[in-house]
Chemist: 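Here you go, one structure.
For the numbers below, each heavy atom of this structure counts, side chains included, while hydrogens, waters and symmetry mates do not. Given the structure is predicted, the values throughout are model-derived calculations rather than measurements.
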Amino acid sequence: MDWQSLFSMQRQLDSYIESNHNLSDKDLFQEKYLALLVELGELANETRCFKFWSNKARSSKEVILEEYVDGIHFILSLGLEKGLVYTSTTPLVLVDLTETELFNNVFEDCVSFKNNPSQTNYERLFQGYLLLGLKLGFEEEDIYEAYMKKNEVNYKRQNNGY
């Protein structure tokens, strides 16, 4: 995956949003962190992986992918906020954990990154999220294409007063 192109696109989107909302000189780390947690919760809700009490089916793969990509947007944005980028070239290997366990790991990685926004913690968060994506059945191409679509939607929303 060409993560650098996604970081570049995210930087442009962030700048566009910050300019439109007069936020260019504001530190938005806390807001972006909370937004990521909310998006993670929304993603978990669509998978229904933790809802042991329910027989209702999970959402479609397309809906889950769209929610997943929302998280990618905020992970990229959080890295940019702290001057960090994902640089790992280590191939990810799907681990023998449940979706619920992987979600819990990502939530823990989020907290670690918030408390210590280092490159190491950022890489851990990014890799944990990518492992979750693998478990959900998403290939890099799926993620890239969905990111492109959602990025376009985000610009349209900004232009329409979202």
Chemist: Between K149 and E62, is the closest basic N to carboxylate O distance under 4.0 Å?
Modeler: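 No.
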
Chemist: For V63 and E66, run side chain to side chain contact (heavy atoms under 4.5 Å, CB included): C-alpha distance rounded to whole Å, both residues' side-chain angles, the deciding distance at 0.1 Å, then the answer.
Modeler: CA-CA 5 Å; V63 168; E66 185 175 335; 5.8 Å; no

Chemist: Considering only heavy atoms from C-beta outward, does the side chain of L37 approach that of C110 to under 4.5 Å?
Modeler: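 In short, these two side chains touch, coming nearer than 4.5 Å.
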
Chemist: Looking at V69 and A146, what are the two nearest heavy atoms and their distance?
Modeler: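 The answer is CG2-CB, 3.4 Å.
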
Chemist: Within the structure provided, determine whether L102 and V95 are in side-chain contact (heavy-atom separation under 4.5 Å).
Modeler: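 They are in contact (side-chain heavy atoms under 4.5 Å apart), so the answer is yes.
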
Chemist: Quick one: pull up OH in Y86 and CG in L130 and give me the separation to the nearest 0.5 Å.
Modeler: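 Reported to 0.5 Å precision, the distance equals 5.0 Å.
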
Chemist: Would you check if there is a donor-acceptor pair between the side chains of N45 and K51 at a distance under 3.5 Å?
Modeler: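 Yes, a side-chain donor-acceptor pair sits under 3.5 Å.
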
Chemist: For the residue pair T47 and R58, what are the closest heavy atoms and their distance?
Modeler: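 Closest heavy-atom pair between T47 and R58: O-CB, 3.2 Å.
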
Chemist: I need the I143 CD1 to L6 CG distance, nearest 0.5 Å.
Modeler: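 So the CD1 of I143 and the CG of L6 are separated by 9.5 Å.
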
Chemist: Under 4.0 Å between a side-chain nitrogen and a carboxylate oxygen: does that hold for K26 and E31?
Modeler: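 Result for this pair is yes, salt bridge flagged.
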
Chemist: If hydrophobic clusters are built from ILVMFWY residues whose side chains come within less than 4.5 Å, do L28 and V85 share one?
Modeler: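 No, because L28 and V85 fall into different hydrophobic clusters, even though each may have its own neighbours under 4.5 Å.
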
Chemist: Can you confirm whether the side chains of Q10 and D14 place a donor and an acceptor under 3.5 Å from each other?
Modeler: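 Side chains of Q10 and D14: pair found under 3.5 Å.
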
Chemist: How many angstroms lie between atom CG of D109 and atom CD of Q127, to the nearest 0.5 angstrom?
Modeler: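 So the gap between those two atoms works out to 9.5 Å.
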
Chemist: Tell me which one of F103, Y147, F74, F138 satisfies ring-ring contact (aromatic ring centres under 6.0 Å, His included) with Y68.
Modeler: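 Going through the options one by one, the only one that passes is F138.
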
Chemist: Centre of Y122's six-membered ring, under 6.0 Å away, within 45 degrees of the axis: is that where NZ or CZ of K82 sits?
Modeler: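 Judged by the rule, K82 and Y122 form no cation-pi pair.
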
Chemist: At their closest point, which heavy atom of N151 faces which heavy atom of M9, and how far apart are they?
Modeler: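 Minimum heavy-atom separation between N151 and M9: ND2-CE, 3.2 Å.
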
Chemist: Do NZ/NE/NH1/NH2 and the carboxylate oxygens of E18 and K32 come within less than 4.0 Å?
Modeler: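 Result for this pair is yes, salt bridge flagged.
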
Chemist: Is the shortest side-chain heavy-atom distance between F113 and S118 below 4.5 Å?
Modeler: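 SC-SC contact between F113 and S118 ruled out.
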
Chemist: Taking G137's backbone N and O only, do any of them form a donor-acceptor pair with K61's side chain (distance below 3.5 Å, no angle check)?
Modeler: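 Answer holds: yes.
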
Chemist: Can you hop from L94 to V106 via hydrophobic side chains spaced under 4.5 Å?
Modeler: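 They do share one cluster, since a chain of ILVMFWY contacts under 4.5 Å joins L94 to V106.
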
Chemist: Is a donor on one side and an acceptor on the other found under 3.5 Å between the side chain of N20 and the backbone of I17?
Modeler: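 Here the side-chain-to-backbone pair does not exist.
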
Chemist: In terms of hydrophobic clusters joined by side-chain contacts under 4.5 Å, are V38 and I72 together?
Modeler: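 V38 and I72: separate clusters.
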
Chemist: Are the side chain of D70 and the backbone N or O of E39 linked by a donor-acceptor pair below 3.5 Å?
Modeler: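 No, because the side chain of D70 does not come within donor-acceptor range (under 3.5 Å) of the backbone of E39.
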
Chemist: Between the side chain of E46 and the main-chain N/O of E67, is any donor-acceptor distance below 3.5 Å?
Modeler: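 Flag not set: sc E46 to bb E67 has no pair under 3.5 Å.
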
Chemist: Okay, side chain of S77, backbone of H73: is any donor-acceptor separation there less than 3.5 Å?
Modeler: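 Flag not set: sc S77 to bb H73 has no pair under 3.5 Å.
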
Chemist: Please report the interatomic distance CG(N154) to CG(L13), rounded to the nearest 0.5 Å.
Modeler: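 Between atom CG of N154 and atom CG of L13 there are 5.5 Å.
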
Chemist: Ignoring hydrogens and geometry, is there a side-chain-to-backbone donor-acceptor pair from Y129 to I75 under 3.5 Å?
Modeler: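 Not confirmed, Y129 side chain does not pair with I75 backbone.
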
Chemist: Keeping K135 on the side-chain end and L97 on the backbone end, is there a donor-acceptor pair under 3.5 Å?
Modeler: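 Indeed, once roles are kept as given, a pair shorter than 3.5 Å links the two residues.
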
Chemist: Find out whether L84 and E123 are in side-chain contact, i.e. whether some heavy atom of one side chain is under 4.5 Å from a heavy atom of the other.
Modeler: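 No, every pair of side-chain atoms sits at 4.5 Å or beyond.
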
Chemist: Side chains of R48 and S54: donor-acceptor distance under 3.5 Å anywhere?
Modeler: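 Judged by distance alone, the side chains do pair up.
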
Chemist: Quick one: do D142 and L65 satisfy side chain to side chain contact (heavy atoms under 4.5 Å, CB included)? Show the steps, please.
Modeler: CA-CA 8 Å; D142 300 324; L65 178 58; 4.2 Å; yes

Chemist: Can you tell me how far CD of Q119 sits from CZ of R124, rounded to the nearest 0.5 angstrom?
Modeler: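 Answer rounded to 0.5 Å: 11.5 Å.
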
Chemist: If only side-chain N and O atoms count, and only distance matters, is there a donor-acceptor pair under 3.5 Å linking Y16 with N159?
Modeler: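 Indeed, the side chains of N159 and Y16 share at least one donor-acceptor pair under 3.5 Å.
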
Chemist: Taking atom CZ of F107 as the centre, does the number of heavy atoms from other residues, nucleotides or ligands within less than 6.0 Å exceed 12?
Modeler: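 More than 12 within 6.0 Å, yes.
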
Chemist: Measuring from atom OG of S8 to atom CD of Q4, what distance do you get when rounded to the nearest 0.5 angstrom?
Modeler: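 Between S8 OG and Q4 CD, I get 9.0 Å after rounding to 0.5 Å.
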
Chemist: Flag the pair L132 / L43 as yes when at least one side-chain heavy-atom distance between them is below 4.5 Å, and no otherwise.
Modeler: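 Contact flag for L132/L43 side chains = yes.
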
Chemist: Does S112 reach the main-chain N or O of E108 with its side chain, forming a donor-acceptor pair under 3.5 Å?
Modeler: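 Yes, S112 side chain to E108 backbone: donor-acceptor pair under 3.5 Å.
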
Chemist: Quick check on the hydrophobic clustering: are F126 and Y144 connected, directly or via other members, by side-chain heavy-atom contacts under 4.5 Å?
Modeler: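 Linked, F126 and Y144 end up in one cluster.
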
Chemist: As a quick check of understanding, evaluate side chain to side chain contact (heavy atoms under 4.5 Å, CB included) for V111 and Y33, giving each step before the final call.
Modeler: CA-CA 9 Å; V111 172; Y33 170 74; 3.5 Å; yes

Chemist: Under a 4.5 Å side-chain heavy-atom rule over Ile, Leu, Val, Met, Phe, Trp and Tyr, are L40 and F50 clustered together?
Modeler: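 No, no single cluster joins them.
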
Chemist: Charged N to carboxylate O below 4.0 Å: is that the case for E152 and K156?
Modeler: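 Salt bridge between E152 and K156, a charged N being under 4.0 Å from a carboxylate O: yes.
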
